[in-house]
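I have placed the structure first, in the form of structure tokens, so that the comments after it can refer back to it.
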Number of protein chains: 2
Amino acid sequence: MDTGDRLLTPGEVAALFRVDPKTVTRWAAAGRIGSIRTPGGHRRFRESEVRALLEGEGEFDEDNPPGSPSPASPPGAGATPRAAGSRPGGY
Amino acid sequence: MDTGDRLLTPGEVAALFRVDPKTVTRWAAAGRIGSIRTPGGHRRFRESEVRALLEGEGEFDEDNPPGSPSPASPPGAGATPRAAGSRPGGY
DNA sequence: TGATATTAGGGTAATTCGGGAC
DNA sequence: CATGTCCGAATTACCCTAATAT
């Protein structure tokens, strides 16, 4: 039950994602990422969760590496399955 | 009645919140978190209260799976005796 | 008695918050 | 629709020295 992961500051998460801290705040506000608030109102994020998001947890597919001339148009191969049910926060 | 009345030092609380020990002291000075003072003037915090703050103060319930450890409310466990929804200073 | 690690206190910079607009 | 930047305000982080706790 130990969630024992480090907590990251908005600036840390922003640097990891290469986005603005404000954007990270928006994600948290939208419920797209879990956030813990300090008594002062500042947010802290779990490193485990951020890492999972960075790895592309729940979102993989759509790959067409250059050099993979795969015709990519398989007749019945439902390409690009836009799975939309794997979003943390499930929305 | 041991609901975990273990006392934590400012450094412990600071590590849990990923903040500076000084910040934890500031919370206590602002009355945002209960604090017990040693005869020497140092502060100690209750693990129960710190944990409640970490889990999310106000937005977590709806979870009482059968078999869950009795969250319970043993006597003398006053967790959250302090109102934490107040933001003096306006925010 | 000693020594070491942590904490308290004050002050100043950096970060984050919140909302609204482009 | 999502992202980045602007503002003012609050919160937090790091600097220091002295006192306390173990």
Side-chain angles (χ1 to χ4, degrees), chain A residues 4-63 80-91, chain B residues 4-60 80 82-91:
Chain A
D5 18 47
R6 283 171 300 181
L7 294 175
L8 301 177
T9 61
E12 280 278 277
V13 180
L16 259 33
F17 280 96
R18 283 259 187 238
V19 296
D20 238 58
K22 185 78 168 178
T23 301
V24 178
T25 295
R26 279 179 181 150
W27 294 344
R32 291 211 261 237
I33 180 173
S35 59
I36 297 176
R37 312 262 289 201
T38 66
H42 283 203
R43 295 187 182 85
R44 294 278 121 94
F45 305 91
R46 292 191 180 278
E47 199 212 21
S48 328
E49 194 166 338
V50 174
R51 271 188 155 195
L53 257 28
L54 278 171
E55 290 291 317
E57 238 250 285
E59 178 101 35
F60 39 83
D61 243 282
E62 197 290 276
D63 57 296
T80 7
R82 222 59 180 153
S86 306
R87 241 64 169 159
Y91 198 81
Chain B
D5 286 57
R6 194 172 38 169
L7 294 177
L8 302 178
T9 62
E12 284 283 288
V13 181
L16 289 169
F17 278 94
R18 203 16 184 125
V19 296
D20 201 273
K22 231 40 144 202
T23 302
V24 179
T25 295
R26 222 173 280 115
W27 295 342
R32 286 181 165 137
I33 180 172
S35 60
I36 298 175
R37 307 263 280 186
T38 67
H42 284 200
R43 291 183 187 120
R44 292 281 123 87
F45 305 91
R46 290 192 181 276
E47 197 205 18
S48 344
E49 194 167 341
V50 174
R51 271 179 133 195
L53 255 37
L54 271 173
E55 288 299 313
E57 43 201 278
E59 170 89 78
F60 221 123
T80 347
R82 238 98 232 167
S86 289
R87 242 144 248 226
Y91 199 72

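No side-chain heavy atom of A:V13 sits under 4.5 Å from any side-chain heavy atom of A:T9. Put simply, the side chain of B:S35 does not reach to within 4.5 Å of the side chain of B:W27, judged on heavy atoms. You'll find the side chain of A:L54 reaches within 4.5 Å of the side chain of A:F17, heavy atoms only.
Of the listed nucleotides (D:dA2, D:dT11, D:dA19), D:dA2 has the atom at the smallest distance from the side chain of A:R32. The side chain of A:H42 has C:dT16 as its nearest neighbour among C:dT16, D:dA21, C:dA8. With distances taken from any side-chain atom of A:D20 to the nucleotides C:dT16, D:dT12, D:dT5, the minimum falls on D:dT5.
Side chain A:K22 to base C:dG18: a donor-acceptor pair is found below 3.5 Å. A donor N or O paired with an acceptor N or O is found under 3.5 Å between the base of D:dT5 and the side-chain atoms of A:R26.
An OP1 or OP2 oxygen of C:dG9 is reached within less than 4.0 angstrom by a side-chain nitrogen or oxygen of B:R43. OP1 and OP2 of D:dT11 both lie 4.0 Å or more from every side-chain N or O belonging to A:R37. For D:dT11, neither phosphate oxygen OP1 nor OP2 lies less than 4.0 angstrom from any side-chain nitrogen or oxygen of B:W27. The side chain of B:T25 contributes no N or O atom lying less than 4.0 Å from OP1 or OP2 of C:dT7.
Between A:R18 and A:T9, it is A:R18 whose nearest contact on DNA chain D lies nearer the 5' terminus.
One distance of note links CG of B:L53 with CZ of B:R51; it measures 13.0 Å at 0.5 Å rounding.
One interatomic measurement links the two molecules: CD1 of A:I36 to P of C:dC17, which rounds to 14 Å at whole-angstrom precision. For the pair B:F17 CZ and C:dT16 C1', the interatomic distance rounds to 17 Å; values are reported in whole Å. Spacing between atom CD of A:E12 and atom C1' of D:dA13 amounts to 14 Å, rounded to whole angstrom units.
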